[in-house]
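Letters A, B, ... are given to chains in the order of the sequence lines, protein chains preceding strands, and every chain is numbered from 1.
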Amino acid sequence: MKSQKLRQLFLNFFREKGHEIVPSAPMVIRNDPSLMFTNAGMNQFKDIFLGHTAPKYRRVADSQKCLRVSGKHNDLEEVGHDTYHHTMFEMLGNWSFGDYFKKEAIEWAWEFLNGRLGIPADRLYATIFTGSPEDNVPRDEESFRWWQECFPGQSDRILEGSKEDNFWEMGETGPCGPCSEIHVDLRDDSEREKIPGHSLVNRSHPLVLEIWNLVFIQYNRRADGSLELLPDSHVDTGMGFERLCMVVQGKTSNYDTDIFQTLINEISISCGRKYGETEEQDIAMRVVADHLRAISFSIADGQLPSNNKAGYVIRRILRRAVRYAYNYLNVDEPFMYRLVPVLVAEMGDQYPELKNSEEHISRIIHEEESSFLKTLGKGLKMIDRMISDLKMKKINVLPGRIAFELYDTYGFPADLTRLILRENNMTLDTEGFEQEMENQKNRSRKDGTLDSGDWINVREGDTTIFTGYDKTTDDILIMKYRVVKARGKDICQLVFDKTPFYAESGGQSGDSGVIASEEEQIRITDTIWENELIIHLADKIPSRPDAAFVAKVDLRKRAMTASNHTATHLLHYALRKVLGNHVEQKGSLVTSERLRFDFSHFSRLTREEILEVENIANQLVRNNFTRQVMDDVPLEEALTMGAMALFGEKYGDTVRVVRFGDSVELCGGTHADSTAGIGLIKIISEGAIAAGIRRIEAITGSKADEYINEKIAELENVASMLKSTGNVRESVEKLISENAALRKTVEKYKSRIAKDIIRDLVQNAVQIGDVRFIRGQVEADSAETLKSIAFEIRKIPGKNVAVMGSQIGEKAGLVAMVSDPLAKEGRLEATEIIREIAPEISGGGGGQPFLATAGGKNPGGIARALEKAGKFIRERLS
RNA sequence: GGGGAAUUAGCUCAGCUGGCCAGAGCACCUGCUUUGCAAGCAGGGGGUCAAGGGUUCGAAUCCCUUAUUCUCCA
């Protein structure tokens with residue numbers, strides 16, 4: 001059975017059982033500092049389990065794309081080496097929100113696996129929770145009973161598990177409950193006879209593995225560690241799709257299923273090697289196949305590879321793939337980008353976001369591959385240098401510190417370093433390397449944990465109402481607060497019952513302002529959004545937190561931010577008009593100062609295009625469209641209105657729609673009352689931030705005015721300086737060519753004058769033994785000129801020594817030169833002359849044996865300095 | 001969030017511990033020579049050494065701040 005059909009079978013099965021089939025949530029999570037990627041099917045229902053939102057459907061099923069690469073579930077280093085770990089995988093799941101419970105969950109799971117898919121009962125095992133006295137939770141008798149129905153008379157197929165395996169918790173606190181897992185034994189008959197399957201369950205055997213976890217959420221863990229029964233019981237299940245395919249398709253490796261085989265085939269064609277030849281090659285191919293999926297889906301969800309946070313995780317995955325291909329498949333040029341169409345053909349139907357950005361994904365991957373190969377190239381050069389260095393010193397162990405530097409600073413992978421060393425009969429000081437690595441980790445960990453105090457509750461209550469769309473001043477009460485230490489400074493975080501302050505989100509920066517009670521006033525420096533909480537950052541703790549406060553938003557900043565945000569919408573609209581509908585928002589930043597907008601487009605914008613975009617946007621400004629806001633519009637309806645939704649953005653069922661004329665967007669930000677308030681939009685820069693993504697920056701209102709006025713003033717200044725009444729450009733062009741000609745002439749004269757000076761100096765030179773002493777006070781406009789005269793004299797053949805001084809502005813300059821034939825003898829050095837005479841001009845200096853310079857504050861001393869030089873040289877040469 | 005590194009001509013880079021007036025290769029322009037596979041020869045143009053401060057007689061080089069990029073860790 002093909003994987004696509006299997007997925008459909010699962011969804012159809014639960015549709016039959018009255019479940020609503022919902023689409024997969026984005027794999028990339030925004031606005032949640034605790035989680036970067038969706039790592040389980042239940043993530044998108046977290047709010048329901050926490051009781052924050054009411055479920056829309058009581059029964060839900062889906063196939064959820066997940067990524068496990070960081071945090072608790074970190075499988076990255078395993079992937080490829082075995083046949084069942086993945087970074088990105090699909091999780092099939094069914095949920096009951098206060099509806100059915102253990103009986104149905106178990107019955108249906110059994111019906112689906114055994115009945116529909118025909119997985120033989122004698123290959124299946126179930127586990128149940130054995131109970132936990134310290135939590136006062138008994139053995140899960142209910143699950144045991146229902147499993148007995150499935151395995152009549154074979155209680156040895158139902159195993160008991162401890163808290164570690166069979167009790168699921170969302171976090172330190174919150175919803176939790178016993179779970180029941182289904183395991184499958186895929187070994188052949190003789191193996192199964194030798195060792196009974198139940199002894200291998202939960203023992204990391206590659207062929208005896210868990211495929212489905214049924215979680216029964218019935219408790220809530222309180223902060224004090226105790227459990228309380230929830231009013232409603234929920235079911236949360238998750239089944240690894242890739243594993244299920246393996247079971248159904250009768251394979252012993254996830255990578256042998258059709259999900260991966262098409263990709264692996266393509267990879268094998270790309271590098272001209274067969275899958276199954278050697279273990280190393282197979283690992284590399286599995287790594288590439290797995291990672292390609294993870295990267296492609298992330299990019300489709302709007303997460304580009306970058307140098308920190310989630311973007312960096314993506315980049316690392318891609319690099320791991322390139323590295324394996326480079327080491328074991330001998331691929332040294334970009335190739336993964338060519339596999340994207342294969343992946344899209346396989347999964348594009350189920351995940352339309354993948355299909356929609358196929359070209360985009362391919363380009364991004366190509367770009368990343370080439371840039372990493374470049375990094376590798378640089379590293380190779382460096383390591384070659386190190387090796388030849390070591391060989392010269394006859395050392396054959398590369399110090400760990402150096403290997404670590406290569407890795408840490410230049411991103412050169414340590415395993416490659418090892419490989420190259422081996423080729424050169426050298427080894428790596430692994431211990432030293434690990435030590436450095438450990439240091440780095442400790443350093444990061446130490447600074448990573450910022451010291452946040454406990455929340456201090458002032459009043460009961462959880463949610464903050466945002467009143468800032470209508471009000472900029474409001475009466476508020478403080479619900480709770482805490483102090484966070486960051487960079488040695490204490491920042492106080494405040495949560496209100498309601499607030500007019502807009503919290504940073506959707507690219508719009510947070511409001512600032514003040515809150516005031518009768519006795520004090522506190523500055524709010526920023527407002528952020530964290531885990532559904534609007535947090536106000538204040539510079540001090542309120543002395544009486546329980547007092548009544550009035551919150552006032554900084555109006556000027558708010559208005560400027562609103563203008564910029566509205567301008568962003570207008571520019572988005574104009575960009576689509578000018579460039580086409582492939583333009584999609586890929587990111588945006590709106591502050592009171594300026595706005596930044598990233599969008600998909602494949603080539604540089606021409607001057608004309610930028611002007612046209614600006615024109616259209618400004619036309620909309622002048623048309624003075626008033627703001628129309630519709631709250632709680634069903635998503636479907638909003639989309640039919642032509643509102644632009646963003647891929648990878650998680651929307652609720654109802655959305656807020658902001659409209660100015662024909663520009664319609666889903667947006668939670670604050671906006672200008674009407675477009676005319678923006679005044680003027682001016683694009684100030686355009687550039688690329690990644691393959692296929694451009695960025696524009698713009699300013700509005702008085703900022704734009706100032707900008708333009710400055711430009712005009714600059715031009716007028718130039719015109720008046722040129723005394724040009726007509727064409728400034730022509731005047732400048734003329735000036736430039738005149739200047740070039742003049743410069744040539746001046747240089748000619750300068751060198752002629754220098755020659756004259758030199759001739760005079762040489763004529764007045766005195767002979768000291770076999771050496772000619774050239775000295776004098778000369779006219780020079782800078783130390784450079786003085787130096788260049790010395791350089792000229794240096795060209796005169798014979799044993800010469802020259803010392804010259806010059807008044808340069810208010811200061812004095814000296815230069816001493818010893819010609820090459822004389823310098824070679826080693827009798828006299830320019831530096832010692834200069835050191836001897838520099839005090840005369842109240843200065844100091846130095847240089848090289850043949851040429852030295854000095855500067856000082858006292859031009860009156862030049863003559864004495866020259867005299868002293870003569871004396872010194874005479875002494876030295878005698 | 002923390003550490004390390006980079007930023008020099010249109011491009012790729014060299015310039016180590018401050019001082020040979022800022023260099024190479026490719027590209028560009030002119031001329032000659034040749035007309036064929038990265039052509040050769042001669043000559044030439046092109047740099048606020050990322051920006052801004054500081055130390056110094058002197059800074060591309062040392063220090064600080066900022067910006068951007070790369071990289072590793074969390």
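For B:rC73, the OP1/OP2 oxygens have a side-chain nitrogen or oxygen of A:Y312 closer than 4.0 Å. OP1 or OP2 of B:rC20 lies within a sub-4.0 Å distance of a side-chain N or O belonging to A:K787.
Atom name C1', nucleotides B:rC28 and B:rA67: the rounded distance is 31 Å, in whole Å. B:rG47 and B:rC11 have their P atoms separated by 13 Å, with the value rounded to a whole Å. Here, B:rC62 and B:rC20 have their P atoms 16 Å apart, quoted to the whole Å. Spacing between B:rG36 and B:rG23 at atom C1', rounded to whole Å, works out to 34 Å. As rounded to the nearest Å, B:rC29 and B:rU66 have C1' atoms that lie 39 Å from one another. B:rC49 and B:rG3: their C1' atoms are spaced 27 Å apart (whole Å). Rounded to the nearest Å, the gap between the P atom of B:rA74 and that of B:rC57 is 48 Å. Taking the C1' atoms as reference points, B:rU61 lies 15 Å from B:rA6, given to the whole Å.
At the heavy-atom level, A:R835 lies nowhere under 4.0 Å from the strands shown. Looking at heavy-atom distances under 4.0 Å, A:G411 makes contact with sugar-phosphate atoms alone, never a base. Within 4.0 Å (heavy atoms only), A:F404 reaches no atom of the nucleic acid at all. At a threshold of 4.0 angstrom between heavy atoms, the contacts of A:F850 include nucleobase atoms, whether or not backbone atoms are also involved. At a threshold of 4.0 angstrom between heavy atoms, the contacts of A:G843 with the nucleic acid are absent.
Between the side chains of A:N39 and A:R68, no donor-acceptor pair of N or O atoms lies under 3.5 Å.
Nucleotide B:rC26: paired with B:rG10 (Watson-Crick or G-U wobble, both distances less than 3.5 Å). The base-pairing partner of B:rC49, taking Watson-Crick or G-U wobble contacts with both distances under 3.5 Å, does not exist among the strands shown. Pair assignment for B:rG36: none, as no Watson-Crick or G-U wobble contacts are both less than 3.5 Å. Within the shown strands, nothing qualifies as a pairing partner of B:rC16 under the Watson-Crick or G-U definition with both distances less than 3.5 Å. Checking B:rC70 for Watson-Crick or G-U wobble geometry (two distances, each under 3.5 Å) identifies B:rG4 as its partner.
The side chain of A:Y410 sits closest to B:rA5 out of B:rG3, B:rC57, B:rA5. The nucleotide whose nearest atom lies closest to any side-chain atom of A:R794 is, among B:rC57, B:rC20, B:rC73, B:rC20. Closest to the A:Q440 side chain, of the nucleotides B:rA74, B:rC72, B:rC20, is B:rC72.
Straight-line distance from the CE atom of A:M804 to the P atom of B:rC21: 16 Å, rounded to whole Å. A straight line from CE of A:M36 to C1' of B:rA74 spans 9 Å, rounded to a whole angstrom. Counting to the nearest Å, the P atom of B:rC72 and the CZ atom of A:R315 are 8 Å from each other. Atom-to-atom, CD of A:E832 to P of B:rC57 comes out at 21 Å; the value is rounded to the nearest Å. Regarding A:L786, its CG atom lies at a distance of 13 Å from the C1' atom of B:rG58, rounded to whole Å. Distance CD1 (A:I834) to C1' (B:rC57): 9 Å, rounded to an integer number of Å. What separates CE of A:M382 from P of B:rC16 is a distance of 16 Å, to the nearest Å. Atom-to-atom, CD1 of A:I837 to C1' of B:rC57 comes out at 12 Å; the value is rounded to the nearest Å.
Along RNA chain B, the nucleotide nearest A:A812 and the nucleotide nearest A:L851 are compared for position; the residue whose nucleotide lies closer to the 5' end is A:L851. Annotation: of the two residues near RNA chain B, A:G844 and A:K378, the 5′-most nearest-nucleotide partner is A:K378.
Nearest heavy atom pair, residue A:V287 against residue A:V79, reads CG2-O, 3.6 Å. Contact detail for A:A414 and A:Y407: the closest heavy-atom pair is N-CD1, 4.2 Å.
Side-chain to base pairing of A:D408 with B:rG3: one donor and one acceptor N or O lie within less than 3.5 Å of each other.
The CD1 atom of A:I683 sits 11.0 Å away from the CD atom of A:E697 when rounded to the nearest 0.5 Å. Between atom CG of residue A:L416 and atom CG of residue A:N327 there is a gap of 4.5 Å, rounded to the nearest 0.5 Å. Residue A:K799 holds its NZ atom at 5.5 Å from CZ of A:R827, rounded to the nearest 0.5 Å.
Checked against A:K557 for a side-chain hydrogen bond (donor to acceptor under 3.5 Å, both in side chains), the options A:S512, A:S509, A:S592 give a single hit: A:S512.
Of the possible donor and acceptor atoms, none in the side chain of A:E436 sits under 3.5 Å from a partner among the backbone N and O of A:F433.
Ring-to-base geometry places A:F791 in a stacked arrangement with B:rC21 (centre distance under 5.5 Å, plane angle under 30°).
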